[in-house]
Amino acid sequence: MSEFIRFEDVHFHYTEEKPILKGIDLQIAPGEFVALIGGNGSGKTTLAKHCNGLYRPTAGTVLIDGIDTKKTDVASLTPSVAYCYQNPDHQIFHSTIEEEIAFGPKNLGLTASEIEERVKEALQAVDLWELRKEEPFFVGKGTRQKIAVASILAMRPKGIVLDEPTTGLDHRGVQEMMRLIAGLHGEGHTILVVTHDMQLVAEYASRVIVMAQGEIVCDGTPQEVFARQDLLELAQVEAPAAARFAASIGLAAPFPLTLAALKERLAADE
């Protein structure tokens with residue numbers, strides 16, 4: 001498997017008395033769609049912030065596209081991996097949407113025509129071109145989340161890390177955001193999503209990494225991971241509702257993870 005992101009025995013702490021990451025070994029290949037799950041305090045967001053150099057390991061090595069994060073800065077890593085915060089307001093600070101999207105390309109030293117091209121490309125990708133002159137703080141949460149994603153797309157990174165991208169969105173907003181993320185994955189972007197929404201994990205991720213107490217306790221396909229009730233309990237997460245129902249009525253693993261898959265399974269067993 002070719003590697004895009006590699007963790008080699010990574011440890012991280014703010015104080016020696018309270019380790020956050022404990023000996024993480026991890027490889028993520030180009031083009032994967034990875035979900036990172038675990039309870040509060042499991043270390044998942046800390047791990048995610050190592051994936052673009054926002055945090056650097058206390059010990060061990062993180063390589064992004066072959067670059068050691070200890071030997072470069074975040075700006076230099078952005079063309080490889082960009083990070084989208086859980087709260088889009090932590091990223092937004094310009095007076096118009098198009099100015100917000102142009103900020104990253106300007107910092108990359110692009111020409112005016114290149115910046116204009118990237119702003120248009122990114123805003124069209126999230127269907128916000130018509131709103132480009134609007135003030136970003138006067139639009140809804142879902143739209144601000146799209147602005148945050150567009151600001152990352154304008155820098156054309158190979159990989160995108162998204163921390164709880166659907167938090168605070170209504171059902172329609174969640175579906176729109178996940179279609180956008182799935183579309184980016186379909187275009188070849190490597191995707192790493194930190195989320196508490198197990199249904200989204202079941203529907204979109206091809207790989208799931210489960211964390212508990214600063215360690216990776218399970219790593220596999222959604223079917224493999226959600227069959228490990230012991231490890232899910234350790235990580236303080238629940239399998240999707242369809243899988244829990246299947247287990248409760250005695251269906252054999254692997255469990256269906258979506259309502260459609262559950263209906264098919266029940267129909268096949270009749």
Side-chain angles (χ1 to χ4, degrees), residues 4-5 30-31 45 48-56 62-169 173 176-177 179-181 183-194:
F4 179 50
I5 298 174
T45 293
K49 288 183 176 180
H50 277 75
C51 289
N52 79 320
L54 283 172
Y55 288 172
R56 290 172 173 79
V62 177
L63 300 174
I64 299 173
D65 219 8
I67 302 171
D68 188 336
T69 62
K70 287 183 178 178
K71 298 178 180 179
T72 189
D73 55 24
V74 174
S76 299
L77 292 168
T78 297
S80 294
V81 181
Y83 191 95
C84 189
Y85 288 84
Q86 176 177 345
N87 185 344
D89 297 343
H90 291 166
Q91 292 178 241
I92 296 171
F93 53 92
H94 281 90
S95 58
T96 70
I97 292 173
E98 66 179 354
E99 289 174 339
E100 188 67 42
I101 309 308
F103 178 77
K106 284 181 181 177
N107 283 342
L108 294 177
L110 302 181
T111 66
S113 61
E114 288 173 326
I115 293 169
E116 183 178 354
E117 177 187 352
R118 291 204 183 189
V119 169
K120 185 174 183 179
E121 175 187 85
L123 287 175
Q124 287 179 335
V126 299
D127 197 26
L128 292 180
W129 176 247
E130 299 300 325
L131 298 180
R132 63 190 181 278
K133 301 295 184 181
E134 299 292 326
E135 294 187 39
F137 286 105
F138 289 97
V139 297
K141 171 73 178 340
T143 300
R144 296 200 306 279
Q145 194 73 279
K146 287 184 177 182
I147 293 168
V149 173
S151 68
I152 286 173
L153 294 181
M155 294 181 284
R156 296 181 182 171
K158 298 177 183 177
I160 303 173
V161 179
L162 301 109
D163 189 359
E164 300 286 357
T166 60
T167 298
L169 302 183
E176 288 180 351
M177 179 55 61
R179 280 197 295 270
L180 171 59
I181 294 170
L184 296 174
H185 178 243
E187 293 171 1
H189 292 277
T190 304
I191 301 293
L192 176 64
V193 176
V194 179

Checklist entry - Any side-chain heavy atom of K158 sitting closer than 4.5 Å to one from T190? => result no
Item to check | Check: Q145 and L180 side chains under 4.5 Å, non-hydrogen atoms | outcome: no
Checklist outcome for this item: dist T69:OG1 -> L63:CG (nearest 0.5 Å) comes out at 7.5 Å
Checklist outcome for this item: Heavy-atom nearest pair, A148 first then S151, reads O-OG, 2.6 Å
Checklist entry - Are any non-hydrogen side-chain atoms of V62 and Y55 less than 4.5 angstrom apart? => result no
Next on the checklist: Less than 4.5 Å apart, side chain to side chain, heavy atoms only: is that true for L184 and L153?
Outcome noted: yes
Next on the checklist: Taking the side chain as everything from C-beta on, heavy atoms only, tell me whether N52 gets closer than 4.5 Å to T78.
Outcome noted: no
Checklist entry - In Å and rounded to the nearest 0.5 Å, what is the OG1 to CD distance from T111 to E116? => result 9.5 Å
Checklist entry - Within a strict 4.5 Å, meaning less than it, do heavy atoms of the H185 and I181 side chains meet? => result no
Item to check | Minimal non-hydrogen separation, L77 against G53, with atom names | outcome: CD1-CA, 3.9 Å
Checklist outcome for this item: Heavy atoms of I160 and P157 approach each other most closely as CG1-CG, 4.1 Å
Checklist entry - Got a sec: does the CG of D89 have more than 12 other heavy atoms crowding it under 6.0 Å? => result yes
Next on the checklist: Could you check whether atom NZ of K141 has more than 12 heavy atoms from other residues, nucleotides or ligands sitting under 6.0 Å from it?
Outcome noted: yes
Next on the checklist: If you compare all heavy atoms of A154 against all heavy atoms of A122, which two are closest, and at what distance to 0.1 Å?
Outcome noted: N-CB, 3.9 Å
Checklist entry - Between OG1 of T72 and CZ of R56, what distance do you get to the nearest 0.5 Å? => result 7.5 Å
Next on the checklist: Quick check against the 3.5 Å criterion: does E100 have a side-chain atom that pairs as donor or acceptor with the backbone of H94?
Outcome noted: yes
Checklist entry - When the ring planes of F103 and F93 are compared, do they come out parallel, tilted or perpendicular, using 30° and 60° as the limits? => result perpendicular
Checklist outcome for this item: One should read off an interatomic distance between T143 OG1 and E134 CD, to the nearest 0.5 angstrom, of 10.0 Å
Next on the checklist: Within this structure, what is the CD-CD distance for the pair E99 and E135, rounded to the nearest 0.5 Å?
Outcome noted: 9.5 Å
Next on the checklist: Quick one: does any side-chain atom of R132 pair with a main-chain N or O of W129 as donor and acceptor, under 3.5 Å?
Outcome noted: yes
Item to check | Shortest non-hydrogen contact between L192 and C51, atoms and distance | outcome: CD2-SG, 3.7 Å
Item to check | E187/R156 under salt bridge (charged side-chain N to carboxylate O under 4.0 Å, His left out): CA gap, chis, key distance, verdict | outcome: CA-CA 11 Å; E187 293 171 1; R156 296 181 182 171; over 6 Å; no
Next on the checklist: For a 4.5 angstrom cut-off between non-hydrogen side-chain atoms, does I147 reach P88?
Outcome noted: no
Checklist entry - Could you give the distance from CD1 (I97) to NZ (K146), rounded to the nearest 0.5 Å? => result 11.0 Å
Next on the checklist: Just checking K120: does its NZ atom have more than 12 heavy atoms from other residues, nucleotides or ligands closer to it than 6.0 angstrom?
Outcome noted: no
Item to check | Student check: side-chain heavy atoms of I152 and L162 closer than 4.5 Å | outcome: no
Checklist entry - Is it true that a side-chain atom of Q91 and a backbone atom of Y85 form a donor plus acceptor pair closer than 3.5 Å? => result yes
Checklist entry - So which heavy atom on V149 is nearest to which on M177, and how close? => result CG2-SD, 4.2 Å
